[in-house]
Amino acid sequence: MIKQLYSSYICGIVVREQNSFGKGNYYGSWRHSHDSTGSSENMFNPVSEFGLTVCQLCCWDTTYATPEIAERVIREAKEANVRICAFWAGVPGPQHWNFTEGPVTLGLVPQAYRAELVKALKQWADFAQWIGAPAIITHCGFIPENLTDPEYPAVVEAIREVALYCESKGIGLWFETGQETPIVLLRTIERVGTPNLGINMDPANLILYGKGNPIDALDVFGRYVRNIHVKDGMYPTDGDHLGEEVRAGEGKVEFPLFISKLKQIGFTGELIIEREISGQEQHDDIRRTMVDLQTWLQA
């Protein structure tokens, strides 16, 4: 592992497994080429291969949210000496990561899929409790900017239903930044009102969606940030398409300043490397980011 990179900062990666944990055709810091349920290979080998001992675990298929799979996760995490710092909860239904179809398909905002997604998130809350993860993470979608939007109260109520269920399981519900502005996310956390809410901050997503500057966003919701996705990107250059993701350090996040701001606000959570490509370039970029993080954290 990179071990203690700086003070209490710990670096890890997202583990998403193709065909099972993580739906490898979606995105991630690492993609397995096998089905974890049918392979004898330890699902946490990618974490160990990078010399790391912490990760977020992700899955999009709720049929894997079973006690049997949970037992395997616990066993293999122990064998690999890997700690799961959060479970990234993927949900069923269509997902279009763009400005055109995203508002009507992503997260708990679209009414057509809301009940199904609430059910799935509760299943993942059970699973997270079984494996000992402290929280589930998910995108809640394009939460309305306008307080008077007639759909906003229903979105808040759906999030509250999931949050209360998580609270009953002794775990948190963490929003991943992306489709909403920082103030909308803060407002929603305040209106949901449960004590177990937090943020998995992806600074690149704020940029890719053109929703804000990640350094300034920490002034808005920094006290709720629990994990960080170490990811970078460029702002959108037209009104229909997201910006381009790039290797950490090559985009608009300005990681040295971002890390410095995290120190200033007292962040002590995990730094989770995420690179949304595949193949050798992904592998090389993760290793390069591990080295860069040491420099940024020691500055």
Side-chain angles (χ1 to χ4, degrees), residues 1-5 8-24 26-37 39 41-61 64-65 69-90 124-125 127-139 171-172 174 176 198-204 225-231 248 267-278 282-294 297:
M1 176 186 179
I2 282 188
K3 298 180 180 175
Q4 297 294 98
L5 281 171
S8 60
Y9 294 99
I10 297 175
C11 174
I13 61 174
V14 185
V15 174
R16 296 177 168 90
E17 295 198 61
Q18 191 170 8
N19 300 323
S20 55
F21 279 90
K23 292 293 187 181
Y26 167 54
Y27 67 99
S29 291
W30 190 264
R31 301 175 184 178
H32 285 276
S33 60
H34 66 275
D35 185 332
S36 67
T37 59
S39 169
E41 182 180 344
N42 189 304
M43 69 180 71
F44 296 96
N45 278 355
V47 187
S48 302
E49 288 169 3
F50 282 107
L52 300 168
T53 60
V54 64
C55 74
Q56 290 178 356
L57 186 64
C58 173
C59 187
W60 286 76
D61 186 346
Y64 291 97
I69 296 293
E71 288 176 4
R72 179 173 178 183
V73 168
I74 292 169
R75 182 178 69 254
E76 294 191 3
K78 183 177 181 180
E79 290 172 353
N81 190 32
V82 170
R83 176 173 60 87
I84 302 167
C85 64
F87 183 84
W88 212 105
W124 286 131
F127 187 79
Q129 181 194 44
W130 295 336
I131 66 174
I136 62 170
I137 300 168
T138 199
H139 280 293
I171 65 171
W174 298 350
E176 171 139 356
I199 293 173
N200 181 73
M201 185 178 181
D202 187 318
V225 175
R226 304 293 181 256
N227 275 182
I228 297 290
H229 276 177
V230 181
K231 192 175 81 178
F267 173 76
T268 58
E270 291 81 7
L271 302 167
I272 302 298
I273 299 169
E274 182 176 45
R275 185 68 170 108
E276 302 186 28
I277 58 175
S278 60
Q282 183 192 55
H283 186 280
D284 294 344
D285 284 359
I286 291 172
R287 289 205 174 276
R288 174 68 182 274
T289 300
M290 291 169 65
V291 173
D292 288 343
L293 271 171
Q294 295 184 69
L297 288 165

Electrostatic pair Asp292-Arg288, nearest N-O below 4.0 angstrom: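 Yes, this pair counts.
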Arg83 with Glu270: basic N within carboxylate O range, under 4.0 Å: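 Answer for the salt bridge query: yes.
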Least distance between heavy atoms, [X] atom then [Y] atom:
X      : Y      : value
Leu52  : Met290 : CD2-CE, 3.9 Å
Ile136 : Ala89  : CB-CB, 4.3 Å
Val82  : Cys55  : CG1-SG, 3.8 Å
Ala135 : Ala128 : O-CB, 4.4 Å

Side chain to side chain contact (heavy atoms under 4.5 Å, CB included) evaluation trace for Ile84 with Phe44: CA-CA 10 Å; Ile84 302 167; Phe44 296 96; 3.8 Å; yes
Option among Ile137, Ile272, Ile228 that satisfies the side-chain contact (heavy atoms from CB on, under 4.5 Å) test with Asn200: Ile137
Ring pair (Phe, Tyr, Trp, His ring centres under 6.0 Å) between Trp88 and Trp60, worked out: CA-CA 9 Å; Trp88 212 105; Trp60 286 76; 5.6 Å; yes
Evaluation steps, side chain to side chain contact (heavy atoms under 4.5 Å, CB included), between His229 and Glu176: CA-CA 9 Å; His229 276 177; Glu176 171 139 356; 3.2 Å; yes
Would you say [X] and [Y] make side-chain contact, with heavy atoms under 4.5 Å?
X      : Y      : answer
Thr289 : Ile286 : no
Cys85  : Gln56  : yes
Arg226 : Ile199 : no
Asp285 : Ile273 : no
Val73  : Phe127 : yes
Phe50  : His283 : yes

CA sep, side-chain torsions, deciding dist, call: Ile131, Phe87, side chain to side chain contact (heavy atoms under 4.5 Å, CB included): CA-CA 9 Å; Ile131 66 174; Phe87 183 84; 4.2 Å; yes
Which residues share a side chain to side chain donor-acceptor pair (under 3.5 Å) with Asn81, sequence neighbours left out: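 Partners of Asn81 under the side chain to side chain donor-acceptor pair (under 3.5 Å) test: none.
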Gap separating the CD atom of Glu76 from the CD atom of Glu71, nearest 0.5 angstrom: 12.0 Å
Under the salt bridge (Lys or Arg N to Asp or Glu O under 4.0 Å) test, residues paired with Arg287 that sit two or more places apart: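 Salt bridge (Lys or Arg N to Asp or Glu O under 4.0 Å) check on Arg287 returns nothing, list empty.
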Please check: side-chain N/O of [X] versus main-chain N/O of [Y], any donor-acceptor pairing under 3.5 Å?
X      : Y      : answer
Glu274 : Lys231 : no
Gln282 : Ile277 : yes
Trp124 : Ala65  : no

